Novice: 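Just dropping this structure here.
Keep in mind the model is a prediction, meaning the values are calculated, not measured.
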Amino acid sequence: AEMQKYLLYNSVEAEELPTLRELNTIEICKIWSAMSRHIYKQLLQKKAVDIGVGSFAVVPAHATVAEGKVLPIERPMFILNKPLKLFYNLESEEAKIPDETPVVHPDFEAIAANTHFRHEILQHCVQETLLCFAEALRDNKEVEFSFR
């Protein structure tokens with residue numbers, strides 16, 4: 001189970017992050033922006049993308065417009081996995097991936113085709129970044145994760 005490795009009892013040791021230690025910040029940003037483009041394409045195809053700690057999905061919502069009229073809209077969201085939320089005792093907006101939405105995992109080979117990185121490097125970079133993210137959750141640190 002992919003998600004199990006993000007339920008951390010101990011802090012992440014440097015040797016658990018071999019790929020991040022070899023890449024520089026610019027390379028890590030390039031990998032995540034390729035990842036971001038891939039996720040965006042999947043969302044456009046009405047799929048949700050599970051990255052291990054949670055899923056990016058488009059969920060139905062409502063927007064209030066002029067004269068109190070309510071419009072049904074769809075908005076992209078990141079939905080944290082339930083076990084992770086419970087494990088780290090986090091609060092987040094209750095949101096559910098619509099039943100008709102297929103959930104896929106990132107296709108690292110396809111993502112790699114648009115970069116000059118091998119797909120293993122991409123995959124390890126993403127997983128190690130998520131380990132750092134999980135550690136920040138564990139230690140109650142502020143995390144800013146921005147996606148275009």
Side-chain angles (χ1 to χ4, degrees), residues 1-63 72-148:
E2 175 72 8
M3 189 199 58
Q4 252 48 57
K5 68 166 164 243
Y6 301 120
L7 305 178
L8 302 176
Y9 289 101
N10 305 307
S11 26
V12 177
E13 299 299 321
E15 54 269 20
E16 293 177 73
L17 308 170
T19 311
L20 288 185
R21 286 161 67 194
E22 301 226 326
L23 297 169
N24 62 38
T25 306
I26 291 170
E27 292 171 319
I28 294 168
C29 290
K30 276 193 179 138
I31 288 173
W32 276 99
S33 78
M35 179 80 171
S36 171
R37 284 192 300 273
H38 176 73
I39 291 168
Y40 181 65
K41 278 187 204 138
Q42 304 308 305
L43 294 181
L44 288 179
Q45 293 171 23
K46 300 265 186 269
K47 293 176 188 162
V49 185
D50 180 351
I51 63 166
V53 291
S55 299
F56 289 92
V58 173
V59 295
H62 293 99
I73 57 163
E74 291 184 315
R75 69 185 191 124
M77 262 186 95
F78 179 70
I79 304 166
L80 210 56
N81 282 345
K82 269 245 166 62
L84 219 84
K85 237 161 91 165
L86 295 168
F87 187 84
Y88 293 115
N89 195 13
L90 302 168
E91 284 178 33
S92 71
E93 204 178 317
E94 273 311 311
K96 199 174 150 306
I97 298 172
D99 294 333
E100 66 278 7
T101 304
V103 179
V104 298
H105 291 278
D107 178 345
F108 288 104
E109 293 199 15
I111 301 167
N114 299 312
T115 68
H116 63 274
F117 297 101
R118 295 199 323 278
H119 74 91
E120 297 86 356
I121 304 258
L122 278 163
Q123 189 166 359
H124 294 155
C125 171
V126 166
Q127 290 170 347
E128 290 172 24
T129 308
L130 294 173
L131 266 182
C132 295
F133 178 70
E135 183 174 50
L137 290 179
R138 190 190 140 226
D139 298 339
N140 256 323
K141 290 196 182 105
E142 283 275 321
V143 177
E144 189 178 311
F145 219 127
S146 56
F147 263 123
R148 272 209 202 83

Novice: Write down the atom of Leu131, the atom of Lys5, and the distance for their closest heavy-atom approach.
Specialist: CD2-O, 3.5 Å
Novice: For atom CD of Glu22, is the number of surrounding heavy atoms from other residues, nucleotides or ligands below 6.0 Å larger than 12?
Specialist: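 Count not over threshold, so no.
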Novice: Looking at the rings of Phe108 and Phe117, which for Trp means the six-membered one, are their centres under 6.0 Å apart?
Specialist: no
Novice: Drop me the distance from Asn10's CG to Glu135's CD, to the nearest 0.5 angstrom.
Specialist: 10.0 Å
Novice: I want to check something: taking the side chain as every heavy atom from C-beta on, are Val53 and Phe78 in contact at a cut-off of under 4.5 Å?
Specialist: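 Yes, side chains in contact.
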Novice: Between atom CG of Asn140 and atom CD of Glu142, what is the distance when rounded to the nearest 0.5 Å?
Specialist: 9.5 Å
Novice: Taking Ile31 as the fixed residue, which of Leu23, Ile111, Thr19 is the one that meets the side chain to side chain contact (heavy atoms under 4.5 Å, CB included) rule?
Specialist: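 Single pass found, and it is Leu23.
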Novice: In Å and rounded to the nearest 0.5 Å, what is the CG to SG distance from Leu17 to Cys125?
Specialist: 10.5 Å
Novice: When rounded to the nearest 0.5 angstrom, what is the spacing between CZ in Phe87 and OH in Tyr6?
Specialist: 14.0 Å
Novice: State whether the side chain of Gln127 and the backbone N or O of His124 hold a donor-acceptor pair below 3.5 Å, judged by distance alone.
Specialist: no
Novice: Side chains of Gln4 and Leu7: does their closest heavy-atom pair fall under 4.5 Å?
Specialist: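 Yes; the side chains approach each other to less than 4.5 Å.
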Novice: Let's go through Val12 and Cys132 carefully: what are the C-alpha distance in whole Å and the side-chain angles of both, what is the deciding distance for side-chain contact (heavy atoms from CB on, under 4.5 Å) to 0.1 Å, and is it a yes or a no?
Specialist: CA-CA 7 Å; Val12 177; Cys132 295; 5.5 Å; no
Novice: Applying side-chain contact (heavy atoms from CB on, under 4.5 Å) to Arg21 and Glu15, what does each step give before you reach the verdict?
Specialist: CA-CA 9 Å; Arg21 286 161 67 194; Glu15 54 269 20; 4.3 Å; yes
Novice: Among residues at least two apart in sequence or on other chains, which ones pass salt bridge (Lys or Arg N to Asp or Glu O under 4.0 Å) with Glu16?
Specialist: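 Expected list: none.
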Novice: Where do Val126 and Trp32 land on the side-chain contact (heavy atoms from CB on, under 4.5 Å) test, with the steps shown first?
Specialist: CA-CA 7 Å; Val126 166; Trp32 276 99; 3.8 Å; yes
Novice: State whether the number of non-hydrogen atoms from other residues, nucleotides or ligands found under 6.0 Å of Asp139 atom CG is greater than 12.
Specialist: yes
Novice: CG/Asp50 to CD1/Ile39 distance, rounded to the nearest 0.5 angstrom?
Specialist: 10.5 Å
Novice: Would you compute the distance between atom CG of Leu130 and atom CG of Leu137 and round it to the nearest 0.5 angstrom?
Specialist: 10.0 Å
Novice: Taking all atoms of both residues into account, what is the closest heavy-atom pair of Pro106 and His38, and its distance?
Specialist: CA-NE2, 3.8 Å
Novice: Compare every heavy atom of Phe56 with every heavy atom of Ile51, then report the nearest pair and how far apart it is.
Specialist: CD1-CE1, 3.8 Å
Novice: Could you name each residue pair satisfying side-chain hydrogen bond (donor to acceptor under 3.5 Å, both in side chains) that touches residues 99-111, not counting sequence neighbours?
Specialist: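 Those involving residues 99-111 are Lys96-Asp99.
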Novice: Would you say that Pro18 contacts Glu128 through its side chain, given a criterion of any heavy-atom pair below 4.5 Å between the two side chains?
Specialist: yes
Novice: Is the count of non-hydrogen atoms from other residues, nucleotides or ligands lying under 6.0 Å from Ile26 atom CD1 greater than 12?
Specialist: no
Novice: Nearest heavy-atom pair of Pro72 and His62: which atoms, and what distance?
Specialist: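 Looks like CA-CD2, 4.0 Å.
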Novice: Using every non-hydrogen atom in the two residues, find where Ile97 and Ser55 come nearest and quote the distance to one decimal.
Specialist: CD1-CB, 3.7 Å
Novice: Quick one: closest heavy-atom pair of Ser92 and Lys85, and the distance?
Specialist: OG-NZ, 3.0 Å
